[in-house]
Amino acid sequence: MNAHYDDIAGQYAAYANASPTRVVELRTMLHMAGELEGRRVLDLACGFGFYGRAMLRAGAASAHGVDQSPEMVAIGRQMSAHAGDAMTFQVSDFLQLAPVREYDVAVAAFLFNYAQSLDELARMAKAAFQHVRAGGRIAVETMNPQYCLAEGDCSKHGLRVLDDVPWKEGAKMEIEFPGAPPARITVFRWAREHYERAFAEAGFTELVWQAPCLLEQDRLAQPAGYWDDLLRNGLAAWFSCTRP
């Protein structure tokens, strides 16, 4: 896995904090995570700890974030110190973590889309399995397998898809975040059956794809039609599964 955010950490954090879709993404992840009271949460590719911190507020007993970007983790620690929350952080590629199998819930937002091959996707799913206790679950947000650039570049939602081209059995995407100058990242889009096979082979069961949890209050907060692209051709997709 290779994703470099150190040079754009502040820029990405500014985009993410301002994104109007963030509330829907969070609600969807919380829904998939299920009951959080007293649970131990592992936030994989945590960035500045958005999801782990939110799960602490929702009642989790602890939240530990792992990210390979020292700059992202530094921002996360500063935010937790300012907020007074108890989220902890670790700088590491999660593939290098020792398997602990102690977390009730793992969350992984835009992690698995950095797999550059199906073999790497399988390795990442197996690594995630090693951190979830029996009966625990993982909630995943990743690139929408059915996204089509010809139907919209997502620019109304605060970023822009520049390219989406065939790559091995999937697709490679170039995405631009706002800023001066804009920042670009490369991610990879895999089919639903690729995710389903990788997570089943890792040992997870009961994989369920989740529609975005959009409420009427979200619709009223934006101009008419704003959410249509998210529902029809959104950039993100969500699924959860369980460790038996």
Side-chain angles (χ1 to χ4, degrees), residues 1-29 43-54 65-83 85 87 89-94 107-116 141-144 147-165 167 171-189 212 218 221-237:
M1 187 182 68
N2 188 19
H4 299 287
Y5 276 81
D6 281 348
D7 293 339
I8 64 168
Q11 195 168 337
Y12 176 79
Y15 150 75
N17 283 327
S19 173
T21 66
R22 200 63 154 168
V23 63
V24 175
E25 296 175 61
L26 174 58
R27 189 183 301 121
T28 305
M29 291 289 268
D43 189 350
L44 295 170
C46 66
F48 51 88
F50 176 80
Y51 286 110
R53 194 171 291 112
V66 177
D67 199 286
Q68 67 179 13
S69 167
E71 291 299 321
M72 282 289 196
V73 167
I75 292 172
R77 286 172 171 154
Q78 290 169 4
M79 293 178 70
S80 284
H82 178 75
D85 65 64
M87 186 166 181
F89 293 87
Q90 179 178 354
V91 178
S92 178
D93 182 334
F94 97 99
V107 292
F110 299 116
L111 167 63
F112 294 99
N113 46 259
Y114 284 105
Q116 298 187 32
E141 182 176 14
T142 191
M143 293 297 157
N144 181 4
Y147 172 77
C148 177
L149 178 56
E151 296 182 13
D153 65 1
C154 298
S155 55
K156 71 163 62 173
H157 296 137
L159 47 73
R160 187 159 66 103
V161 180
L162 302 175
D163 206 5
D164 183 78
V165 297
W167 172 269
K172 180 168 72 171
M173 307 176 72
E174 297 290 331
I175 299 176
E176 183 177 81
F177 295 101
R184 294 184 180 183
I185 61 169
T186 300
V187 295
F188 300 87
R189 186 166 56 80
D218 303 316
Q222 298 293 340
Y226 176 85
W227 297 105
D228 291 352
D229 285 348
L230 180 74
L231 298 174
R232 177 181 55 84
N233 187 46
L235 192 60

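Heavy-atom basis, side chains included; hydrogens, waters and symmetry copies ignored. Owing to the predicted nature of the structure, the values given are computational and were not obtained by experimental measurement.
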(request) Quick one: do I75 and M79 satisfy side chain to side chain contact (heavy atoms under 4.5 Å, CB included)? Show the steps, please. (result) CA-CA 6 Å; I75 292 172; M79 293 178 70; 3.8 Å; yes
Mind listing the closest non-hydrogen atom pair of [X] and [Y] along with its distance?
X	Y	value
V91	Q68	CG1-O, 4.0 Å
Y51	E141	OH-OE1, 3.0 Å
A45	D67	C-OD2, 3.3 Å
G76	R53	O-NH2, 3.0 Å
P178	G158	CD-O, 3.1 Å
E25	F110	OE1-CE1, 3.8 Å

(message) Donor-acceptor check, side chain of W167 to backbone of M173, threshold 3.5 angstrom: yes or no?
(response) no
(request) Examine distances only and state if a side-chain atom of D163 and a backbone atom of E174 form a donor-acceptor pair shorter than 3.5 Å. (result) no
Look up atom [atom1] in [X] and atom [atom2] in [Y], then write down how far apart they are to the nearest 0.5 Å.
X	Y	atom1	atom2	answer
C154	N233	SG	CG	6.5 Å
H157	W227	NE2	CH2	6.0 Å
K156	Y226	NZ	OH	8.0 Å
D228	Q222	CG	CD	12.0 Å
M29	D43	CE	CG	7.5 Å
C46	L111	SG	CG	10.5 Å

(request) Verify side chain to side chain contact (heavy atoms under 4.5 Å, CB included) between L235 and T21, making sure each step is shown before the conclusion. (result) CA-CA 11 Å; L235 192 60; T21 66; over 6 Å; no
(request) Anything under 30° is parallel, anything over 60° is perpendicular, the rest tilted; go ahead and classify F112 against F94. (result) perpendicular
(message) Assess, by modelled atom type and distance only, whether the side chains of D153 and S155 contain a donor and an acceptor separated by less than 3.5 Å.
(response) yes
(request) Just do the side chain to side chain contact (heavy atoms under 4.5 Å, CB included) check on M72 and F89 with the steps written out, would you? (result) CA-CA 10 Å; M72 282 289 196; F89 293 87; over 6 Å; no
(request) Please determine if R22 forms a cation-pi arrangement with F50, meaning its NZ or CZ atom is less than 6.0 Å from the six-membered ring centre and no more than 45° off the ring axis. (result) yes
(request) Please say which of N144, N113, D164, T142 ends up in a side chain to side chain donor-acceptor pair (under 3.5 Å) with R189. (result) D164
